[in-house]
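Report on the following structure.
A note on names: the letters A, B, ... follow the listed sequences, proteins ahead of strands, and every chain is numbered from 1. Just so it is clear, the structure is predicted and the values come from calculations on it, not from any experiment.
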Amino acid sequence: MSAILPKLSDGSLSQMLADQRVDRPVLQILVYKQMTQSEPIKYRFQMTDGTEVCSNFIVILPELIQRISRGEFEKFTVVELTAYTLNINKQMERQIIIVSDMSVVMSGSKIGRRLDKSESNGPLLTNVSLNTNANRIEANVSVVTTTPSSMASRAANQQNVCPISAITPYFNAWRIKARVTSKSNKRHWSNAKGEGSVFSFDCMDDSTEIRVNAFTKECEKFYDMIETNKVYYITKGTVKTANKKFSNLVNDYEITLNSDSLVEECSEMEVMEVPKMRYRFVQIKDLPAVGLQSCVDLIAIVKSVEECNAFTSKKTNKELKKRDIILVDNTSYEVRFTLWNEGAEQFDCEPNRVIAVKNALVGDFNGRTLSAFDCEPNRVIAVKNALVGDFNGRTLSAVSNTTFQLDPDIPETNILKEWYEREGNSVTTNSLSKSGSEGNRDTEWKFLSQINEQTVGNDNRTYFNVRARVVQTGRQPLYKACGQNGCLKKVRDNNNGFYHCDKCQTDSSQFEWRLILSVAISDCTGEGWVTIFQEQAEKILGISAKELSELQENNPQEFLKALTVAEFKQYVFRIGSKIEHYMDESRVKSVAFNFTPVDAIKHSKQLIKNINEWTN
DNA sequence: CCCCCCCC
């Protein structure tokens, strides 16, 4: 092998395990495997620094797991650990290294064997001193605990901060640095077990989000201190399985503060790197595929704002206030979004602004609607965590942790504004919030094994909702189409610079790249192939047919990467199936008409019910 | 150890 082999950071493992911070150690992967079948998926890696071997590298972050699925970290690959955290697992009495980011230095197939010490980089400190980026300086200073300075204490603060996604009930040495995205009111409760007060807040870092609860003593201690949008270090607390009844965040766990808990506000300097807000936007058009009572985030134009009305609930006799606003996005679909009580009174936004909503509740009154409860309206335009409901269609509601942002500083805002100015303000929109049964709510949920000649109609398409994982994508999705007068027929290359269309009977030097993508999808009962056409194919791959064709011609590696972005992700697909008869057999053929990524749907009671029915 | 996610 003539290639220059990468140098491993010899000695780094013993330092790392002794809790001495090593910045960006270069290690070789010897083997890895998936730890459990259950969610969340975790991987355990065995790595070497040339001398020592450690089998306790754990990968939890979805982004990294996706890269594992794509084969990026094959055997013998040399990687640089760009972010890791050492944790002492008390139950198992051993150290675990949580890897939250790593990059490939050289692929395993190029190296082809285990590297040993003679090929490593010699004493580690030499390696460290070669580099002078900010992280490295911090890493070095943090070891010098005998000479405290502001630098040193800041470095000490940063030390052992782990991503929220690494928090599980199985170790308690975590320390997170997180932004508070919403804070509840203080509530009093009394029942058979006693009485007390409680409040909760949602925290976010660049890995994920988590709900934090504080009861009675901790409620009094921390309620005034916690402020929305501020960043805190939090350490010590009881980690338990999240109660989905009270939380709509995408996290299996939540934290309850206890008497050992420490909460410390971050200095100005330190808050910068914690993201302001994380969204998983769903398009309005796709709301029908979203389960009722789910929560979604979306970004939209505020088309109109109705009056705030007060009325008395017939069910509870409670005095309620509500305000409806109409949201529209560049799918040309609109939905009604209902704000409640203070949120309804205080909402102050002229039409035609862009709104991003986090955590809206999806319902179905006269189509799909969104609603919000007692939310503090910021001057914002993105909705996070809207709840999907089901009164006569689909609606969106805001719940207590729903937030919005007006004209958020993200690329989607400009895309929407441009669309609205160009055509959106004049286009006829399809409302998901009107009477009738449009949308997918009447579409039956099926497992893949249930889609067969008994369930599929003979002549027309039968529509189903399925939740499935993409396990493979076809490698030849592009074709040259005629493109004249809306003709999308495949053309034949005359090999003289002209392309012949059988349908139009023309030869033209022009053609249009189009997509017919085949994907193999799988659920817990079976698998099958579905066809995805142009617009939906561009959407699932996140690239236009034209851009993809350029990659195909100029960059085979990037082409393959672009083709496989959807692999191993889960979606809810709305598919149409029909039986096609051939000479000696008949086959069920399916087309995916739209889809929603499952991680954008959060928890859906409909899906959970469906799965429970199947498994019981 | 706690909240109902409300209305048409």
How many whole angstroms separate atom CD1 of A:Ile325 from atom C1' of B:dC7?
16 Å
Just call it for A:Asn213: base, sugar-phosphate, or nothing, with non-hydrogen atoms closer than 4.0 Å on any strand.
base
Rounded to whole Å, please give me the gap between CG in A:Leu339 and C1' in B:dC5.
13 Å
Between A:Glu209 and A:Asn251, do the side chains contain an N or O donor and an N or O acceptor separated by less than 3.5 Å?
no
Spell out yes or no: do the side chain of A:Arg336 and the base of B:dC8 have one donor N/O and one acceptor N/O closer than 3.5 Å?
yes
Tell me: CG of A:Asn341 to C1' of B:dC5, nearest whole Å?
10 Å
Using whole Å, report how far CH2 of A:Trp340 lies from P of B:dC7.
6 Å
Among B:dC7, B:dC1, B:dC2, the one nearest any side-chain atom of A:Thr338 is B:dC7
Please report, rounded to the nearest Å, how far the C1' atom of B:dC1 is from the NE2 atom of A:His188.
15 Å
So, are A:Lys303 and A:Glu334 salt-bridged, with charged N and O less than 4.0 Å apart?
yes
Rounded to whole angstroms, how far apart are NZ on A:Lys186 and P on B:dC3?
16 Å
My understanding is that only residues two or more places apart in sequence, or in another chain, count here; which of them pass salt bridge (Lys or Arg N to Asp or Glu O under 4.0 Å) with A:Glu265?
A:Lys230
Which part of the nucleic acid, if any, lies within contact of A:Lys322, taking any heavy atom under 4.0 Å across all strands shown: a base, the sugar-phosphate backbone alone, or nothing?
base
Any chance the side chains of A:Glu270 and A:Tyr233 put a donor and an acceptor closer than 3.5 Å?
yes
Looking at B:dC3, B:dC7, B:dC1, which one has an atom nearest to any side-chain atom of A:Arg211?
B:dC3
Measure from the ring centre of A:Trp189 to the centre of the six-membered ring in the base of B:dC2, then say whether that distance is under 5.5 Å and the planes meet at under 30°.
no
Mind checking if A:Glu254 touches a base, just sugar-phosphate, or nothing, with heavy atoms under 4.0 Å?
base
From CG of A:Asn243 over to P of B:dC4, roughly how many Å is that when rounded to an integer?
10 Å
For A:Lys539, salt bridge (Lys or Arg N to Asp or Glu O under 4.0 Å) partners two or more places apart:
A:Asp286
In whole angstrom, what separates A:Lys318's NZ from B:dC4's P?
10 Å
